[in-house]
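In what follows, a structure is listed as structure tokens, so that the remarks can point back to it.
In each ligand, atom 1 is the first atom listed, and ligand 1 is the first ligand listed. All values below were derived from every heavy atom in this structure, side-chain atoms included, with hydrogens, water molecules and symmetry-related copies excluded.
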Amino acid sequence: MTSTDDARTVDARAVTEAAVSTAADLEPLFQTLSAGLAALGAGLSEDQFPARGLDLLRASGFWGAGGETVLPGPAMLRLMRLVGRASLPLGRLFEGHVNALALISAYGSAEQRAGAAQDIREGRLFGVWNTEGQDGVQLLGGSAPDTTPLTLQGAKTFASGGFQVTRPLLPVDRRGERQLVLLRADAPESELRAVPGSWQPLGMGATGSVTLDFTGSRVGESDLIGQPGDYYRQPMFSAGALRFCAVQQGGAERLLDEVRGYLHRLGRGHDEVQMLRFAGCWTALRGAALMLAEGERLERACLAGRVSEARLLAQVDAVRLATEDACLALLEASERAVGARGLLEPEPFSRLVRDLRMYLRQPAPDAARLRLGQWVLNDWTPDDWTPDDWNPEDD
Ligand SMILES: Cc1cc2nc3c(=O)[nH]c(=O)nc-3n(C[C@H](O)[C@H](O)[C@H](O)COP(=O)(O)OP(=O)(O)OC[C@H]3O[C@@H](n4cnc5c(N)ncnc54)[C@H](O)[C@@H]3O)c2cc1C
């Protein structure tokens, strides 16, 4: 574990082990993290893997978030938003790390959860690598009639973090079902090869989301997390999108703030054309943020049995849609507002715009829109859910 501040590290560990659950406990950690991210500033704005940002998170008390560090839902989304505001590549990597810990917490055995907690204490970076092409990863062997050792064959695309992730969680095909495998990527039994030239993206270059071939990697029965099909179990599978939406919204808030500063530096902070442009953008972003908060409340209500899974999943699709639309509108307005001059380096806009445009590309966006429309026309009723249904004791 790397740390630049011993005192803060000790505090953070104590908090982690106590499995924090109150907003008051978390406030000092948020303040420290916020100041740390601000101090890194330019260190997070290069096209390089955000190692220093990850070190900051390792020392922050939030490294086990989603796993042993149990955060209340609003705090989790605040964390994602805060990191995304500092750096979208850092936010993407951290969101994958948290997602892996959440999946191991939900579906892993007691031994596997304890193993992940030890890995967290050692500062290891987790990730979830699901996306793949035609040559997706298969798990071969391990049981009759094929009793050869469990072996991986095939590749994953968009493997964020690449070789920096020493504990990737891989949903792989095993006899037609999806099985989660926690790979010890730095162990001698693991054979990872990056496909040259596989990561030359529009933006988010710093995440190093290469294509990795795992063919020949050996795993053990104890590396299999949960039962076949667990990865796709709802509502967890879809509701995880709330976290990436929070990261994206954080990135959008950063872009808006930077554009505002730039316009003021040019003496255009009171220009009416710009005012008209950003009134709508702010409203859409704010709407997406409120819808996200509502999504988090609905997730809790669903887990408590007060709201149906279908209602929650419709909300998740709505949050995705609202976030994508608000961010795209902001990107368009920002490009128009700063113009070509603003899109020159060293101004930050070309990188912020490219990163947000790239990170907005999430799986099957039109399918999400279609599902939501189907629900609206067939299942929604005007008294289905209103803010009055929110239980204040849940907040
Ligand atoms: C920076 C970055 C980091 C990432 N890191 C990871 C990671 O660590 N792990 C991971 O698992 N993934 C990762 N991903 C992948 C990500 O989760 C998505 O899977 C990926 O971005 C979706 O790609 P796409 O835009 O091509 O989506 P698609 O779902 O392919 O959508 C693209 C278009 O195809 C259309 N389409 C989709 N399916 C169909 C269909 N069946 N029939 C007709 N049209 C269809 C859609 O409507 C849309 O118009 C990352 C992505 C990015 C950008």
Matching residue for Y262 among R260, H264, R265, E258 - test: side-chain contact (heavy atoms from CB on, under 4.5 Å):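 Result: among R260, H264, R265, E258, R265 is the only option passing the side-chain contact (heavy atoms from CB on, under 4.5 Å) with Y262.
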Does ligand 1 come near enough to [X] that some N or O of the ligand is less than 3.5 Å from an N or O of the residue?
{"X": "T207", "result": "no"}
{"X": "D366", "result": "yes"}
{"X": "Y359", "result": "no"}

Strictly less than 4.0 Å: does any protein heavy-atom distance to [atom] fall in that range?
{"atom": "atom 14 (N) of ligand 1", "value": "yes"}
{"atom": "atom 49 (O) of ligand 1", "value": "yes"}
{"atom": "atom 34 (O) of ligand 1", "value": "no"}
{"atom": "atom 26 (O) of ligand 1", "value": "no"}
{"atom": "atom 29 (O) of ligand 1", "value": "yes"}
{"atom": "atom 19 (O) of ligand 1", "value": "yes"}
{"atom": "atom 37 (C) of ligand 1", "value": "no"}
{"atom": "atom 45 (C) of ligand 1", "value": "no"}

Test log, rule side chain to side chain contact (heavy atoms under 4.5 Å, CB included), inputs Y231 and L169: CA-CA 10 Å; Y231 177 63; L169 191 56; over 6 Å; no
Looking only at protein heavy atoms, identify the closest one to [atom] and say how far it is in Å.
{"atom": "atom 21 (O) of ligand 1", "value": "R361 O, 2.8 Å"}
{"atom": "atom 12 (N) of ligand 1", "value": "T131 OG1, 2.7 Å"}
{"atom": "atom 1 (C) of ligand 1", "value": "M204 CB, 3.5 Å"}
{"atom": "atom 32 (C) of ligand 1", "value": "P365 CD, 4.7 Å"}
{"atom": "atom 24 (P) of ligand 1", "value": "Q362 O, 4.8 Å"}
{"atom": "atom 9 (N) of ligand 1", "value": "V128 O, 2.9 Å"}
{"atom": "atom 3 (C) of ligand 1", "value": "S160 OG, 3.3 Å"}
{"atom": "atom 6 (C) of ligand 1", "value": "F158 O, 2.8 Å"}

Within a distance under 4.0 Å of any heavy atom of N130, pick out the atoms of ligand 1 and give their elements.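 Answer, ordered by atom number: 10 (C), 11 (O).
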Salt bridge or not between [X] and [Y]? Use side-chain N to carboxylate O under 4.0 Å.
{"X": "D325", "Y": "R369", "answer": "yes"}
{"X": "E95", "Y": "R92", "answer": "yes"}
{"X": "R124", "Y": "D186", "answer": "yes"}
{"X": "R357", "Y": "E335", "answer": "yes"}
{"X": "E296", "Y": "R78", "answer": "no"}
{"X": "D55", "Y": "R52", "answer": "no"}

Any chance the side chains of [X] and [Y] put a donor and an acceptor closer than 3.5 Å?
{"X": "Q274", "Y": "R277", "answer": "yes"}
{"X": "E345", "Y": "S350", "answer": "yes"}
{"X": "E253", "Y": "Q249", "answer": "no"}

Can S209 be said to touch ligand 1, with heavy atoms closer than 4.0 Å?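 Checking ligand 1 against S209, which is what was asked, there is a heavy-atom contact under 4.0 Å.
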Yes or no: does A364 have any heavy atom under 4.0 Å from an atom of ligand 1?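 In this structure, A364 qualifies as a contact of ligand 1 - some heavy atom is under 4.0 Å.
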What verdict does the side chain to side chain contact (heavy atoms under 4.5 Å, CB included) test give for N130 and Y232, after you've listed the backbone C-alpha separation in whole Å, the side-chain angles of each residue and the deciding distance to 0.1 Å? CA-CA 11 Å; N130 180 46; Y232 289 131; 4.3 Å; yes
Start with the C-alpha distance between F62 and F30, add both sets of side-chain angles, then the distance that settles ring pair (Phe, Tyr, Trp, His ring centres under 6.0 Å), and finish with yes or no. CA-CA 9 Å; F62 292 116; F30 273 117; 4.9 Å; yes
Look at the aromatic rings of F214 and W129 and report parallel, tilted or perpendicular, splitting at 30° and 60°.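 Plane angle between 30° and 60°, so tilted.
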Ligand 1 versus K156, non-hydrogen atoms closer than 4.0 Å: side chain, backbone, both, neither?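 It is neither part, as no heavy atom is under 4.0 Å.
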